[in-house]
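Written out below as structure tokens is the structure these notes cover.
Chain letters run A, B, ... following the sequence lines, proteins first and then strands; every chain starts at 1.
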Protein chains: 2
Amino acid sequence: MTPKYKVDHTGCPIAFAAEAFGDKWTLLILREVLLFKKKHFDELLSMREGIASNILASRLKGMEASGLLVKQEDPANGRRVIYSPTEKALDLLPACVELILWASKHDPETGVPADMLARIRRNRAKAIREMRAPFD
Amino acid sequence: MTPKYKVDHTGCPIAFAAEAFGDKWTLLILREVLLFKKKHFDELLSMREGIASNILASRLKGMEASGLLVKQEDPANGRRVIYSPTEKALDLLPACVELILWASKHDPETGVPADMLARIRRNRAKAIREMRAPFD
DNA sequence: CCTGAGTACTTGCAAATAGCAAGCGATCGT
DNA sequence: ACGATCGCTTGCTATTTGCAAGTACTCAGG
């Protein structure tokens, strides 16, 4: 079931963001999809943080409803479902990049690879384009 | 009380972000503090989205614990408390700016003022510096 | 076909969290 | 010294989360 306690957004961009992914699981699913190119339910289910299958199903439903993901049947295998990020989700990559920079500065146990940081810092726009390329 | 269902982050920048503010209320409090310069409990309590006082108190406690806010007594008025953003919180401004750009593109009822968008697009770094200036 | 395994979910229930309304305690202004 | 202000806390119910198990389809092999 889709959560009932929601924010009434009315124009504010941060409230709009909070409504779309102001929830730890939604954010982590976005990470899996955008950054690790996960496409299937079972791949998402086995993310390191350990999401429960009912929560995953409810979040995927919400993300589909809010236009972050599209769901399609795998033409090569009728049991599989493919979840892919929409333009709306892909357009979050710049914000993700800022979060990566932020975390690499403030997380004492950051695991962001040095070469990734260097690549982002050398040319941020290019790094974002390269992260996005596999989806186009 | 601070929530018990947490993410085990272990190095991932997005999980680190989810742990710090992967919660709609925390994100909205950050907005009030960073973007609207709110400093007091009652100001935060009256945000448009209608947060309950116990939830606000628990989130403020969590944000203090995670180093996003510092709490100090108002020297001019002993009943008042001043919450101010730390460096860690201020360093989220670039990500906020990206979210503003994202929402202005994808929210059909966006209320982001056109001149703010123009200012950001003209010179993003300068806009961020200006947003940050009042806190330095 | 039949069967077993793969994949994407659902369901039922207990535990945790959110939201609401009310109250409490320490200042402060008068 | 008294009421108002401000920042919470408490008690209670509603909602959500997490867990373990189960269901429903599909495919591949014999």
**Asked** Which parts of residues 31-41 of chain B get close to DNA chain C, meaning a heavy atom less than 4.0 angstrom away?
**Response** none

**Message:** Just to verify, what does A:R129 make a salt bridge (Lys or Arg N to Asp or Glu O under 4.0 Å) with, not counting sequence neighbours?
**Reply:** none

**Message:** Any N or O donor-acceptor pair under 3.5 Å from the base of D:dG18 to the side chain of A:N54?
**Reply:** yes

**Request:** Look up atom OG1 in A:T26 and atom CZ in A:R31, then write down how far apart they are to the nearest 0.5 Å.
**Result:** 12.5 Å

**Rounded distance (nearest 0.5 Å) linking atom CG of B:L101 with atom SG of B:C96** = 11.5 Å

**Request:** Could you pull out all residues at least two apart from A:E130 that satisfy salt bridge (Lys or Arg N to Asp or Glu O under 4.0 Å)?
**Result:** A:R119, A:K126

**Asked** In Å and rounded to the nearest 0.5 Å, what is the CD1 to NZ distance from A:I29 to A:K38?
**Response** 12.0 Å

**Message:** The criterion is salt bridge (Lys or Arg N to Asp or Glu O under 4.0 Å); which residues satisfy it with A:D136, sequence neighbours excluded?
**Reply:** A:R132

**Request:** Could you name each residue pair satisfying salt bridge (charged side-chain N to carboxylate O under 4.0 Å, His left out) that touches residues 68-81 of chain B, not counting sequence neighbours?
**Result:** B:D42-B:R80

**Prompt:** In terms of side-chain heavy atoms of A:D23, which of C:dC9, D:dT17, D:dT10 is nearest?
**Reply:** D:dT17

**Asked** What orientation do A:W102 and B:F21 show, parallel under 30°, tilted 30 to 60°, or perpendicular over 60°?
**Response** perpendicular

Between the protein and nucleotides 27-30 of chain D, which nitrogen or oxygen pairs come in under 3.5 angstrom?
| residue | atom | partner | partner atom | Å |
| --- | --- | --- | --- | --- |
| D:dC27 | OP1 | A:G78 | N | 3.0 |

